[in-house]
Amino acid sequence: MPATEPNTQRAIGVFDSGIGGLSVLQAMRAEMPHERFIYWSDSAFAPYGERSDEFVIDRSHFITEQLIAKGNVKTVVVACNSATAVAIESLRQQFPDLPFVGVEPALKPAIGVSQTGRVGVIGTHATLQSARFEKLLSKVQADALPSQCEFVIQPCKGLALAIEKQTEKAQTDTQEVEQLCRHYLNEMGTFGNATGQIDTLVLGCTHYVFVEELLRQMVGPKVNIISTGTAVARQAHRLSAIPTQSGVETKEELHDTSPDSIQLWTNGSLSALEHAADRWLSLPPQRCHWIAPSAS
Ligand code: DGL
């Protein structure tokens with residue numbers, strides 16, 4: 001089947017409640033360096049993890065419409081565990097012709113690497129208390145049988161927002177984030193590779209990837225820390241590739257290094273987005289834009 005259009009004409013849309021999804025964009029950029037991306041940081045309405053399902057569903061629909069209008073998107077990556085947990089099914093129903101890729105806590109890979117059989121999972125309330133997460137957990141536990149595996153589930157109220165605020169302060173004040181991380185990890189038990197200890201920690205929120213180094217210092221070198229960016233990027237790549245006559249995408253078709261190949265939008269703090277874009281994606285401030293917060 002011939003390609004109907006070069007990949008460069010349509011962008012991959014990505015959204016999150018804030019800057020957390022930039023950790024997924026980072027992985028997608030590495031996986032698909034020639035694609036166009038349009039990123040929406042919904043900071044004016046964060047944190048999603050402490051909002052009602054209806055609220056997050058409404059925002060997710062609104063943002064998808066904005067991404068379609070702004071970037072003529074061919075795929076949408078819901079780079080937020082909380083929005084994936086509560087909204088992805090309804091997005092798929094509402095936009096049946098648009099492929100959606102979501103992010104979920106990587107429970108299955110965690111079981112694969114855990115030696116002690118104790119796996120810690122941190123995320124937002126919205127994610128960890130969702131029906132979708134409960135279903136995933138039961139399935140992973142059933143598949144793991146007869147080997148033993150125990151999940152220690154820890155919702156981390158306030159952590160995503162603290163990471164967001166820390167970015168606004170340009171990384172100078174890390175105290176609140178440190179206190180929250182220490183508090184929640186203490187609640188979970190002890191970390192290490194001895195019997196009975198948690199030897200694997202799943203980051204079930206895209207914001208937490210940006211404090212991985214801090215978490216590493218707290219749990220120690222023997223603990224596996226698992227995030228989902230790379231797996232999501234591969235899936236987005238698969239769904240976004242347009243087949244050519246040979247059935248294989250070509251680099252020529254995908255090549256796009258123009259300055260508008262990545263555009264980032266926020267309805268919150270522009271300086272926080274600029275700072276995060278520079279720090280984690282080495283992108284200049286010209287790629288970042290502010291848009292007035294509007295109700296969905
Ligand atoms: N980054 C998000 C997630 O992966 C949402 C955090 C929030 O807004 O509460 O869950």
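One-based numbering, in listed order, for ligands and for the atoms of each. We number each residue from 1, following the sequence as shown.
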Enquirer: So if I count the atoms of ligand 1 from 1 in the order they appear, which ones are less than 4.0 Å from some heavy atom of Asp16?
Expert: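 Reading through ligand 1 atom by atom, the close ones are 1 (N), 2 (C), 5 (C).
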Enquirer: With atoms numbered from 1 as shown, which atoms in ligand 1 lie under 4.0 angstrom from a non-hydrogen atom of Tyr48?
Expert: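 Per the distance check, 7 (C), 8 (O), 9 (O).
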Enquirer: Which residue in the set Tyr48, Tyr39, Trp40 passes side-chain contact (heavy atoms from CB on, under 4.5 Å) when paired with Asp16?
Expert: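 Of Tyr48, Tyr39, Trp40, side-chain contact (heavy atoms from CB on, under 4.5 Å) with Asp16 is met by Tyr39 alone.
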Enquirer: Considering non-hydrogen atoms of the protein only, which is the closest contact for atom 8 (O) of ligand 1, and what is the distance?
Expert: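 Looking at atom 8 (O) of ligand 1, the protein heavy atom closest to it is Ser17 OG, 2.6 Å.
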Enquirer: With a cut-off of 4.0 Å, which atoms of ligand 1 are near a heavy atom of Thr124?
Expert: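 Heavy-atom distances to Thr124 below 4.0 Å select 6 (C), 9 (O), 10 (O).
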Enquirer: Answer yes or no: are there more than 12 heavy-atom neighbours, outside Arg234 itself, under 6.0 Å from its atom CZ?
Expert: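 Check fails, neighbour count at 12 or below.
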Enquirer: Which ligand 1 atoms, with their elements, are less than 4.0 angstrom from a heavy-atom of Gly49?
Expert: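 Contacts of ligand 1 toward Gly49, numbered from 1: 7 (C), 8 (O), 9 (O).
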Enquirer: Should the pair Glu274-Arg287 be classified as a salt bridge under the 4.0 Å nitrogen-to-oxygen rule?
Expert: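 Result for this pair is no, no salt bridge flagged.
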Enquirer: N/O of Glu50 under 3.5 Å from N/O of ligand 1, yes or no?
Expert: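 No; the residue has no nitrogen or oxygen that sits under 3.5 Å from a nitrogen or oxygen of the ligand.
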Enquirer: Taking only heavy atoms of Ser82 into account, list the atoms of ligand 1 that are under 4.0 Å away from them.
Expert: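 Result: 3 (C), 5 (C), 10 (O).
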Enquirer: With a cut-off of 6.0 Å (strictly less than), are more than 12 heavy atoms of other residues, nucleotides or ligands near CD of Glu134?
Expert: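 No.
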Enquirer: Between Arg29 and Glu35, does any NZ, NE, NH1 or NH2 come within less than 4.0 Å of an OD or OE carboxylate oxygen?
Expert: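 Looking at Arg29 together with Glu35, the answer is no, because their closest N to O distance does not fall below 4.0 Å.
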Enquirer: State, without any angle test, whether His289 and Gln263 hold a side-chain donor-acceptor pair at a distance under 3.5 Å.
Expert: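 Side-chain D/A pair, His289 to Gln263: present.
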